[in-house]
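To find a chain, count down the sequence lines: A is the first, B the second, and so on, and within it residues start at 1. Only this structure's heavy atoms are used, side chains among them; waters, hydrogens and symmetry mates stay out.
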2 protein chains.
Amino acid sequence: MTSIYIAEDQEMLNSALSAILDLEDDFQIIGSATDGQRALQQIVALKPDIAVLDIEMPQMTGLEIAKQLRDIEQNLKLIILTTFARKEYFEAAVNTNVNAYLLKDSPTDKLVKTIHQVLAGETIFDPVLVSTILSAAKNPLTNQELKILKEFSVGKSTQEIADTIFLSYGTVRNYISSILSKTGTHSRIEALNIAKKNNWI
Amino acid sequence: MTSIYIAEDQEMLNSALSAILDLEDDFQIIGSATDGQRALQQIVALKPDIAVLDIEMPQMTGLEIAKQLRDIEQNLKLIILTTFARKEYFEAAVNTNVNAYLLKDSPTDKLVKTIHQVLAGETIFDPVLVSTILSAAKNPLTNQELKILKEFSVGKSTQEIADTIFLSYGTVRNYISSILSKTGTHSRIEALNIAKKNNWI
DNA sequence: CTAAATATATGACATTTGTCATCCTACTTA
DNA sequence: TAAGTAGGATGACAAATGTCATATATTTAG
């Protein structure tokens, strides 16, 4: 019998998955939470065989939970279950040595199958995810440019950005000009829309 | 026996709900889709007793489906199942006379219960939703201002906005100035962030 | 019917933004 | 060592943006 813990902040999906997995003869749901902090505490306390973790949750993300658990629980198998194929998430997950990374855009059968495969020692990455990552428009922005993009995404003015990252006013404007040129746009809002669409921020 | 159709674009939740509802003795899932167009066609063809509709789906939203179905299928009970408590959605749903409006932030039990209540002739609005709507910061923008906000949210310049909605350049700038003043900001990006946070767009 | 509110428009002004050419300095690298 | 090259900075200019005062119809409310 395999014990499973579910961390998923959308109550409907959380309860639905709990019910479905619990129906499997060899699975037993021993707990679930809709926020990250509680999930981490309970997983440490209950020591399940498998933890299914959503990434975006209140309090603490599934990736943070995975990272902390990796250090203290060697046997625990970690499965990340999330909505979007974001490169940053994926890389973080790979670096944390999670056992599987699945998209919510898969049917529940797939989750069940994945759990079985993980128990058998396999590591599973959703193929849709992998191809999305590989085909995604590569972010052409430098670190500095990305930092500045994030600054003006919250509405800061050039001067405010210059003050927060300790660059001159003119330099910040040069970077912004470069961002606009690389994104093929002529205004901050357009550049932001491009960046969001391509998951650069 | 009650026949149910599910339209929900997130495959994991779709399959999970299908499985769970099908387990109920008196329910039978007769179909499901992950896009709006296909859902509408199949619902018309299969004539279920209940249609559970997500709002945000590719091709066609659940609200559009509900509207079209209301005209041709009087007996069909419509249940809207969605993530966010948005005033516009809620109002549209009420105007379409849907039989229930439930948030995904409820457990599956609640959905099952709601279906039974709807079958008994009741109309159910998620209480969390109703209180959220009532307490939400009221949108202070006029229709024209909102229209202009949406225009510059996609990155259009003042002149481009003026051209698309047939107003003078100066008038558009006045409206934008008014938007900034009402949102307590001094730039379009800040105003956009406020508007998004409060679900005005 | 009048007063107030709306929707639209202008002109004028100060700031901010976007674009460019150029410059300096510290590192690589051929 | 000389020629790049990356990161940062200036100054100058045009265009866009944000702010205000004001004006004129048109509606709406009292």
Side-chain angles (χ1 to χ4, degrees), chain A residues 87-88 91 136-201, chain B residues 87-88 91-92 95 136-201:
Chain A
K87 201 177 161 209
E88 293 72 23
E91 288 172 349
K138 200 177 132 289
N139 184 342
L141 304 181
T142 65
N143 282 347
Q144 203 70 305
E145 286 161 356
L146 198 60
K147 195 192 285 184
I148 288 175
L149 181 81
K150 282 174 186 159
E151 292 295 333
F152 72 68
S153 78
V154 300
K156 285 189 187 173
S157 68
T158 309
Q159 187 59 61
E160 287 170 331
I161 297 173
D163 292 345
T164 29
I165 66 178
F166 305 110
L167 282 179
S168 83
Y169 177 76
T171 302
V172 171
R173 286 175 57 195
N174 285 338
Y175 278 119
I176 292 177
S177 197
S178 169
I179 292 169
L180 300 188
S181 145
K182 285 182 179 176
T183 53
T185 61
H186 295 280
S187 79
R188 297 170 188 215
I189 294 181
E190 286 176 285
L192 276 176
N193 288 338
I194 299 265
K196 280 173 192 159
K197 196 171 67 192
N198 290 96
N199 280 333
W200 299 339
I201 55 169
Chain B
K87 200 177 161 207
E88 292 73 22
E91 287 172 350
N95 290 333
K138 199 177 131 288
N139 185 339
L141 304 182
T142 65
N143 282 348
Q144 202 71 305
E145 285 162 356
L146 199 60
K147 195 193 284 182
I148 288 176
L149 181 80
K150 281 174 187 157
E151 291 294 334
F152 72 68
S153 78
V154 300
K156 286 190 185 169
S157 69
T158 309
Q159 188 60 61
E160 288 170 331
I161 297 172
D163 292 346
T164 30
I165 66 179
F166 304 110
L167 281 180
S168 83
Y169 177 76
T171 301
V172 172
R173 287 174 58 196
N174 285 340
Y175 278 121
I176 291 177
S177 196
S178 168
I179 292 169
L180 301 189
S181 144
K182 285 181 180 177
T183 52
T185 61
H186 296 279
S187 80
R188 296 168 189 220
I189 295 181
E190 287 176 284
L192 277 176
N193 288 338
I194 298 265
K196 280 174 191 157
K197 197 170 66 189
N198 289 97
N199 281 330
W200 298 340
I201 54 169

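Atom CD1 of A:I165 is separated from atom C1' of D:dG8 by 11 Å (rounded to the nearest Å). Following rounding to the nearest Å, A:K182 (NZ) and C:dT19 (P) show an atom-to-atom distance of 14 Å. Residue A:K156 contributes atom NZ, which lies 23 Å from atom P of C:dT15 at whole-angstrom precision. The nearest whole Å value for the distance from the CG atom in A:L167 to the P atom in D:dA6 is 17 Å. Taking atom CD1 on A:I148 and atom C1' on C:dT17, their separation rounds to 14 Å, with Å as the unit. When the C1' atom of D:dT17 is taken as reference, atom CD of B:E160 falls 14 Å away, rounded to whole Å. Whole-Å rounding puts the A:L180 CG to D:dA14 P distance at 20 Å. As a whole-Å value, the separation of A:N174 CG from D:dA6 P is 16 Å.
Across all strands shown, B:S181 has no heavy atoms under 4.0 Å from either base or sugar-phosphate atoms. Within 4.0 Å (heavy atoms only), A:Y175 reaches sugar-phosphate atoms of the nucleic acid but no base atom. If you check every strand for non-hydrogen atoms under 4.0 Å, A:Q144 touches sugar and phosphate atoms only. Residue contacts shown for B:T158 are limited to sugar-phosphate atoms, with no base heavy atom under 4.0 Å away. Residue A:T171 is classed as a base contact, given a heavy-atom separation below 4.0 Å to a base.
A:S153 places a side-chain N or O within 3.5 Å of a backbone atom of A:K150 that can act as its donor or acceptor partner. The backbone N or O of A:E160 lies less than 3.5 Å from a partner atom in the side chain of A:T164, making a donor-acceptor pair.
An OP1 or OP2 oxygen of D:dA16 is reached within less than 4.0 angstrom by no side-chain nitrogen or oxygen of A:H186.
Nearest nucleotide to the side chain of A:S177, out of C:dT19, D:dT17, C:dT17: C:dT19.
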For B:E91 and B:N95, what are the C-alpha separation, side-chain angles and deciding distance, and is it a side chain to side chain donor-acceptor pair (under 3.5 Å)? CA-CA 6 Å; B:E91 287 172 350; B:N95 290 333; over 6 Å; no

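The side chain to side chain contact (heavy atoms under 4.5 Å, CB included) with B:F152 is formed by just one residue from the set B:T158, B:I179, B:V172; it is B:I179. Of the options B:N143, B:T171, B:L141, B:I161, a side chain to side chain contact (heavy atoms under 4.5 Å, CB included) to B:I148 is made by B:I161 and by none of the others.
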